[in-house]
Number of protein chains: 2
Amino acid sequence: MVRRLDPSSGLPVYRQIADSLRQQIESGELGVGDQLRSENQLIADYGAARQTVRQAVALLKAEGLVYAERGRGAFVRGRPPVERLAFDRFARRHRKDGEAALSVEMGGRLPTVDVVHVGPEKASVEVARWLGVRTGTKVLRRSRRYFAAGEPMELATSYVPWTLASGTAMTQEDTGPGGIYARIEEQGHELRRFTEDVTARMPTPDEARALALPTGTPVFRLIRIAYDTDDDVVEVCDTILASDRYVLSYELPAD
Amino acid sequence: MVRRLDPSSGLPVYRQIADSLRQQIESGELGVGDQLRSENQLIADYGAARQTVRQAVALLKAEGLVYAERGRGAFVRGRPPVERLAFDRFARRHRKDGEAALSVEMGGRLPTVDVVHVGPEKASVEVARWLGVRTGTKVLRRSRRYFAAGEPMELATSYVPWTLASGTAMTQEDTGPGGIYARIEEQGHELRRFTEDVTARMPTPDEARALALPTGTPVFRLIRIAYDTDDDVVEVCDTILASDRYVLSYELPAD
DNA sequence: CAGTGGTCTAGACCACTGC
DNA sequence: CAGTGGTCTAGACCACTGT
């Protein structure tokens, strides 16, 4: 299984080894779940030092192509099943029968929720800007972590002006049928539209732990702002999603 | 500048050094553009071997917090100016005066375009599925790279059924005023809506090179499908964006 | 127990920057 | 020229897996 490298290519050895392994993965020579040759084997295959082959494999891990388990080996990553977040997932018709938005997202399968924190706090600069209130205004914060099939799927933090949330089930762990948006509409604020700003970046160490992210997996960050029929902001939701588990699907108008 | 580590924490030394440096960045002790202490200084600061401090800095590079220049040093990354891609950027009103969608995206500043390839080819399985045609059907492919202020911003590949593109300016490098969508409407296919599927992942080596991406920067991939008033697909555009240069902005209906 | 990947060290040569 | 980060080597100990 000796593999030859090209000394005249000018590329560092670890890049050439990574390219060789990547090509084996992309060509199907190494399939999903297959074990890579061990470090000692790669050392022999390519005639390189251990740190060098480790650097090559580290590159593939950073690209999200490979993961490693201590004591077992390194393996070709399979893409996990992907959830589609549809642009109309907050449409009223999905709430009428008491189904909250997240179970719509999950295609009807019931997700479990780990409520991290529910309570009042002072709005940060960022939250105040989103809500259109002054910094330090009292707001309700609801931080949750959602699981599907035992896997952590998303971290969500909602902010609602305290004047709107006070005395309602929004301040409880269980917001009741239809979720937080049903409670907001009961308060006389009919929802008209949402804006959603999407960014992507590498996770912080905290996020990587909370979402059980493999190395090399970016996260989506969604900032969703809910407006009522007066075009006032009634809620903001800051969501972190594992990018390898979601496709975000939107519809754009042509006129 | 000696920094003490906690041997009882159980964390590997390189993680502790990375945590220490990350904390210095987040606290503002190290500002945007500031130079990190050199490897030799970090070796002295933390009493670790060179590979160990390099592993710590590599972690911060993978997180996108730091970049390095050979011969100069390692620096705290500043976020580049961000472009906002609005959900209505393909609305007809933005085309009426001969302005193509991309200059709308860029806030009116004129981007430059590097046309990589324009010509007919057979639809791949993926392209055929998007266009709703049989695999191998003749389609026009237009691959471009867009620059703003000299920086590569996005890679875009459009596919149009050949029956629609043949004999029009779409098959030329310059598609003329209003761009490709104006040409499609001239062919009698009024555009009604677009769908856009958003994913994020780490770039391939090719993409990282073409977009001049710093390590640790994920990319967005947009698959945008254009439908005419008969709900037939008239074009598909596969776009790769540097995720640190864009905010994608959408509007979601509440009913 | 042998084999795996994870961490760490000490030392070397290189290409590049800036003085 | 000295100092920087980039690459590479040889060797060590560790924690964990599977038999």
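Below, all heavy atoms of this structure are taken into account, side chains as well, without hydrogens, waters or symmetry copies. Numbers restart at 1 for each chain; the letters A, B, ... are given by sequence-line order, proteins then strands. Small disclaimer: the values here were computed from a predicted structure and weren't measured.
- Among the protein residues, A:R70 comes within range of the nucleic acid bases, having at least one heavy atom under 4.0 Å from a base atom.
- Annotation for A:K122 and A:V139: closest pair C-CG2, 4.5 Å, computed over non-hydrogen atoms.
- Note on ring orientation: taking the six-membered ring where Trp is involved, the planes of A:F90 and A:F194 are tilted (angle from 30° to 60°).
- Aromatic rings from B:F220 and B:Y246 are positioned such that their centres are separated by 6.0 Å or more.
- Here the P atom of nucleotide D:dT7 and the CD atom of B:E39 are 11 Å apart, to the nearest Å.
- A donor N or O paired with an acceptor N or O is not found under 3.5 Å between the base of C:dT4 and the side-chain atoms of A:Q35.
- Paired regions of DNA chain D, where each region holds three or more successive Watson-Crick or G-U pairs whose two hydrogen-bonding distances fall under 3.5 Å, are C:1-18 with D:1-18.
- Counting only heavy atoms from C-beta on, A:A48 has its side chain closest to D:dT9 among D:dT9, D:dC8, D:dG5.
- Atom-to-atom, CZ of A:R54 to P of C:dG5 comes out at 8 Å; the value is rounded to the nearest Å.
- In this structure, OG on B:S20 lies 5.0 Å from CZ on B:R3, to the nearest 0.5 angstrom.
- A salt bridge links B:E63 and B:R22; the closest N-O separation between the charged side-chain nitrogens and carboxylate oxygens is under 4.0 Å.
- Summary of the strand contacts: A:G47 and B:L36 both lie near DNA chain D, and taking for each the nucleotide with the nearest heavy atom, the more 5' one is attributed to B:L36.
- Closest approach of B:M202 and A:A62 over heavy atoms only: CG-O, 3.4 Å.
- What separates CD of B:Q41 from C1' of D:dG5 is a distance of 13 Å, to the nearest Å.
- Salt bridge A:R54/A:E39: present, at least one basic N to carboxylate O contact under 4.0 Å.
- Regarding A:I43, its CD1 atom lies at a distance of 13 Å from the P atom of C:dG6, rounded to whole Å.
- Regarding B:L60, its CG atom lies at a distance of 15 Å from the C1' atom of D:dG5, rounded to whole Å.
- When distances run from any side-chain atom of B:R50 to the nucleotides C:dA12, D:dT4, D:dC8, the shortest one goes to C:dA12.
- At the phosphate of C:dG18, OP1 or OP2 sits under 4.0 Å from a side-chain N or O atom of B:R72.
- Among the heavy atoms of the strands, none lies under 4.0 Å from B:V57.
- Under a 4.0 Å N-O distance rule, the pair B:R144/B:D114 does not qualify as a salt bridge.
- Heavy-atom distances under 4.0 Å link DNA chain D to no residue of residues 207-216 of chain B.
- One atom, CG of B:L11, and another, C1' of D:dC14, lie 16 Å apart when rounded to the nearest Å.
- Ring to ring, A:Y67 and A:F75 are close: their centroids are under 6.0 angstrom apart.
- Remark: B:T52 is in phosphate contact with C:dT9, judged by side-chain N or O atoms under 4.0 Å from OP1 or OP2.
- Taking side-chain N and O atoms only, A:N40 has no distance below 4.0 Å to OP1 or OP2 of C:dG3.
- If you check D:dT9, C:dC8, C:dG5 against the side chain of A:A74, the one that comes closest is C:dG5.
- Contact of the A:V66 side chain with the A:L36 side chain is registered, since non-hydrogen atoms from C-beta on lie closer than 4.5 Å.
- Per the geometry, CG belonging to A:L42 stands 13 Å off P belonging to D:dT9, to the nearest Å.
- The side chain of B:S38 places no N or O atom within less than 4.0 Å of a non-bridging phosphate oxygen (OP1 or OP2) of D:dG3.
- The distance between atom CD of B:Q51 and atom C1' of C:dA12, rounded to the nearest whole Å, is 12 Å.
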